[in-house]
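To keep things clear, I will list the structure first and then write my remarks on it.
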There are 2 protein chains.
Amino acid sequence: MDLGKRKQLILQAIVEDYIATAEPVGSRNIAKNHDLGLSAATIRNEMADLEEMGYLDKPHTSAGRVPSQLGYRFYVDSLMRRYSATVEEIENLNSALHQRYVNLSSVVSVVSDIISKITKCPTVMTLPTVASAKVVNVKMLMIEENLALIVVVLDGGSVRNKKVKVSGKITYREIDAISDFLNSQLAGLGAKDIDESRIMLIYGAMGQYKDFLKVVLDFVLECLQNNITEVYVGGASNILNHPEFCDIDRARDFLRFIDNRENATKVLALTTGGDSDVKIIIGDEAGLEEMRDTSIVLANYHAGGILSGKIGVIGPTRMDYARIVSSLETINAQLETILTAVFYNEE
Amino acid sequence: MDLGKRKQLILQAIVEDYIATAEPVGSRNIAKNHDLGLSAATIRNEMADLEEMGYLDKPHTSAGRVPSQLGYRFYVDSLMRRYSATVEEIENLNSALHQRYVNLSSVVSVVSDIISKITKCPTVMTLPTVASAKVVNVKMLMIEENLALIVVVLDGGSVRNKKVKVSGKITYREIDAISDFLNSQLAGLGAKDIDESRIMLIYGAMGQYKDFLKVVLDFVLECLQNNITEVYVGGASNILNHPEFCDIDRARDFLRFIDNRENATKVLALTTGGDSDVKIIIGDEAGLEEMRDTSIVLANYHAGGILSGKIGVIGPTRMDYARIVSSLETINAQLETILTAVFYNEE
DNA sequence: TGTTAGCACTCACCTCGCCCGAGTGCTAAC
DNA sequence: GTTAGCACTCGGGCGAGGTGAGTGCTAACA
């Protein structure tokens, strides 16, 4: 069942030609364009074998061959040549990335747009989440009669706030005291540390504000367990660049699918382990009906050991895997710097 | 140059039939489907007149007529019958709108998705902005050695924050003092009120922190003049529902256009005065090359007298104006309640 | 004078048949 | 095992012919 060297070379040639031209590739063209030292007829025989083994498909009798899902899988796992971005490409990328970012959301939306531009494919990207967050600072202040603002600062630097109605009367002075006390109790703690006994201790010390404190504590916990995996979809219309989506119905099905936040999230949830590795999911490996004819190149990004998120590039199964993997790796390297800078200085 | 009653009826019939069927409409069909008491031949004569006057176009000799941009304009201004949403429609809408919103962004993204679903058209929508904001509260706190957090609360309730590096040493106690002083100086003021003399006064009192104060003041002013008109685009793929976009190139051009944040902003910037009125922009009235064959129904939304924003529904010039105007009005009425609730209780 | 019936004409669109070319599979020779 | 040759397949492009919806014009009618 394992492929001989020659079959591998031929499969590689077919996959690469097909990725480049989007046309079924025939034996004659391979003989001509690749220096395999074989005649078209020989290649034809090998192709017939490869088809029988499931690595190639035939759209119809008199067309050339097309890689099957299995063919792509083998190519990606064993045959794909790493593509190294040229100096020029890297410089273009860097200059596109070099701009003023207002906050993390803007980094994500700008970066996903850039990726989709260079890959000519739709890109999905999550906002970075903070791993195992801890409270750095909790502060409450009255901003109106009966309306308090809770500000929670987490390590890694994200800041969240929430307005809370205060039912009883709490004075400005009181809220300062509560705020300082709560801060002394919570600073440095993670979600796990804020357990029943800790909460009881807080209630015990400031029983008269229990209702209010409960709201605050709930919010703090929410911030710590925060899994807002908000998803951005960049350049969805790029899917129309690919000839496999020139059929309007197919294009619509795909766009409808990816426009939906939940679906975009599902796509990004496809990473298993693999950690910082780039993962490639081909066709129905995704287990999503609507992605049957598309592939996804997924990568995790990290920054400062605290932030992490996911990027996915979606294209037809015929997408240029080598180039897209390379683009994602190049971006990932830059992203660490950008995110760290934005995260610590601004937001 | 003004149209007689009969010509108006015929124009109306043509526009409505064309909106419903997307096919050029012929004299015979009008005679049959509309009870005008006229023969096809008479209608034909009137149609020839209407064409000469510029209200109708003819795709080719042997097709029916199609409304021209002028025709749509006249229809929208003078002939369009108000469509009243049915009780069922309103109930469906309300139940779709009835959900838990995390914050204003989520309202905007959910609502724009709902609108695009019921109108079957792409929808663009701005985040609400606060009119003539005033400072309610300014607070600074040290969250790390050399890192301060500025929190600005504006009336209407929006809260923004920014982290600032502090170069010199500022103690926790000092920052409290600066914070209280600045708050006493700025509370209740709008952008106009924070003028040169006010700033000088602040610097005068706290000269040793001038560098730091400058950063804070700049940020406060930025918040007050805040024009973050962030734009959401909902249901862009809906454009593919319309037969005029079954051509893949046209679809791509449009999607590429609207996927771009700047362009979406341009579209929403088309409102002139008109205030709470719904405004309809037809074809090249927008002055945007890419919108030559599309129309936009624009509406302003308001909440609590403080928040306001814009919604736009984009479709082919053949879009169902009456229905879309009605949908927008119905949504607008609900939006006031939702936004007010979300704004004052959460975020 | 306005309205209508009749008729010739136009033109997009569909279908059918045709040919072309790229590609295959098989066979026989090297 | 490799290769040349050849018959066969089949999608795609092209042009001819038919169809039908719609128009414009003319002449008759109220």
Side-chain angles (χ1 to χ4, degrees), chain A residues 3-11 13-18 20-68 71 243-244 246-248, chain B residues 3-11 13-18 20-68 71 243-244 246-248:
Chain A
L3 296 178
K5 189 71 194 156
R6 197 167 72 179
K7 281 197 173 56
Q8 293 192 19
L9 283 173
I10 291 174
L11 179 56
I14 293 174
V15 173
E16 286 174 358
D17 279 14
Y18 186 60
T21 65
E23 307 263 298
V25 348
S27 52
R28 209 156 184 289
N29 277 316
I30 297 186
K32 233 188 300 176
N33 303 334
H34 299 260
D35 236 1
L36 301 180
L38 296 170
S39 75
T42 310
I43 293 173
R44 215 140 55 218
N45 289 329
E46 298 286 33
M47 283 164 80
D49 290 351
L50 283 166
E51 188 187 343
E52 211 172 328
M53 296 164 86
Y55 293 99
L56 295 178
D57 282 338
K58 203 169 20 172
H60 58 264
T61 332
S62 73
R65 299 304 209 295
V66 156
S68 67
E244 25 276 283
C246 73
D247 175 52
I248 202 85
Chain B
L3 296 177
K5 188 72 194 156
R6 197 166 72 179
K7 282 197 174 54
Q8 293 192 18
L9 283 172
I10 291 174
L11 179 56
I14 292 174
V15 173
E16 287 174 358
D17 278 15
Y18 186 60
T21 65
E23 307 264 297
V25 349
S27 52
R28 208 155 182 289
N29 277 315
I30 296 186
K32 233 189 299 175
N33 303 333
H34 299 260
D35 235 2
L36 301 179
L38 295 171
S39 76
T42 309
I43 293 172
R44 216 140 55 219
N45 288 329
E46 298 285 34
M47 282 164 82
D49 290 352
L50 283 165
E51 187 186 345
E52 210 172 330
M53 298 164 86
Y55 292 99
L56 295 178
D57 282 337
K58 200 164 30 170
H60 59 265
T61 332
S62 73
R65 300 303 209 294
V66 156
S68 67
E244 25 277 282
C246 74
D247 175 53
I248 202 87

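Within every chain, numbering begins at 1; the chains are lettered A, B, ... in the order of the sequence lines, protein sequences first and strands thereafter.
Listed here is the closest heavy atom pair of L50(A) and L11(A): CD1-N, 4.2 Å. Here the closest heavy-atom approach between residue A40(A) and residue S27(A) is recorded as O-CB, 3.5 Å. Nearest heavy atom pair, residue M47(A) against residue I10(A), reads CG-CG2, 4.2 Å. Annotation for Y18(A) and P24(A): closest pair CE1-N, 3.9 Å, computed over non-hydrogen atoms.
For N45(B), the side-chain contact (heavy atoms from CB on, under 4.5 Å) criterion is met by no residue, not counting sequence neighbours. Residues satisfying the side-chain contact (heavy atoms from CB on, under 4.5 Å) criterion with A20(A), sequence neighbours excluded, are absent altogether. Contacts of S39(A) classified as side-chain contact (heavy atoms from CB on, under 4.5 Å), with partners at least two apart in sequence or in another chain: A41(A), T42(A). D57(B) is linked by a side-chain contact (heavy atoms from CB on, under 4.5 Å) to S68(B), counting only residues two or more places apart in sequence or in another chain. For E51(B), the salt bridge (Lys or Arg N to Asp or Glu O under 4.0 Å) criterion is met by K58(B), R65(B), not counting sequence neighbours. K7(A) is linked by a side-chain hydrogen bond (donor to acceptor under 3.5 Å, both in side chains) to E46(A), D49(A), counting only residues two or more places apart in sequence or in another chain.
Read 5' to 3', the first and last nucleotides of DNA chain D with an atom closer than 4.0 Å to a heavy atom of chain A are dT2(D) to dG11(D).
If you check residues 23-39 of chain A against DNA chain C, the residues with a heavy atom closer than 4.0 Å are G26(A), S27(A), N29(A), listed by number. For residues 59-67 of chain B, proximity to DNA chain C is found at H60(B), T61(B), S62(B), defined as any non-hydrogen atom under 4.0 angstrom from a strand atom.
Taking atom CG on D17(A) and atom P on dG23(C), their separation rounds to 11 Å, with Å as the unit. Taking atom CG of residue N45(B) and atom P of nucleotide dG2(C), one finds them 11 Å apart after rounding to whole Å. The distance from atom CD of E46(B) to atom P of dG2(C) is 10 Å, rounded to the nearest whole Å.
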Name the atoms and distances for all side-chain donor-acceptor pairs under 3.5 Å in residues 29-36 of chain B, with sequence neighbours left out.
from   : atom 1 : to     : atom 2 : distance (Å)
N33(B) : ND2    : N29(B) : O      : 3.3
H34(B) : NE2    : D17(B) : OD1    : 2.9
H34(B) : NE2    : D17(B) : OD2    : 3.2

Close N/O contacts between protein and nucleotides 17-20 of chain C (under 3.5 Å):
none

Problem - Base-pairing string, 5' to 3', of DNA chain C - Watson-Crick or wobble, under 3.5 Å, | interstrand - result: ||||||||||||||||||||||||||||||
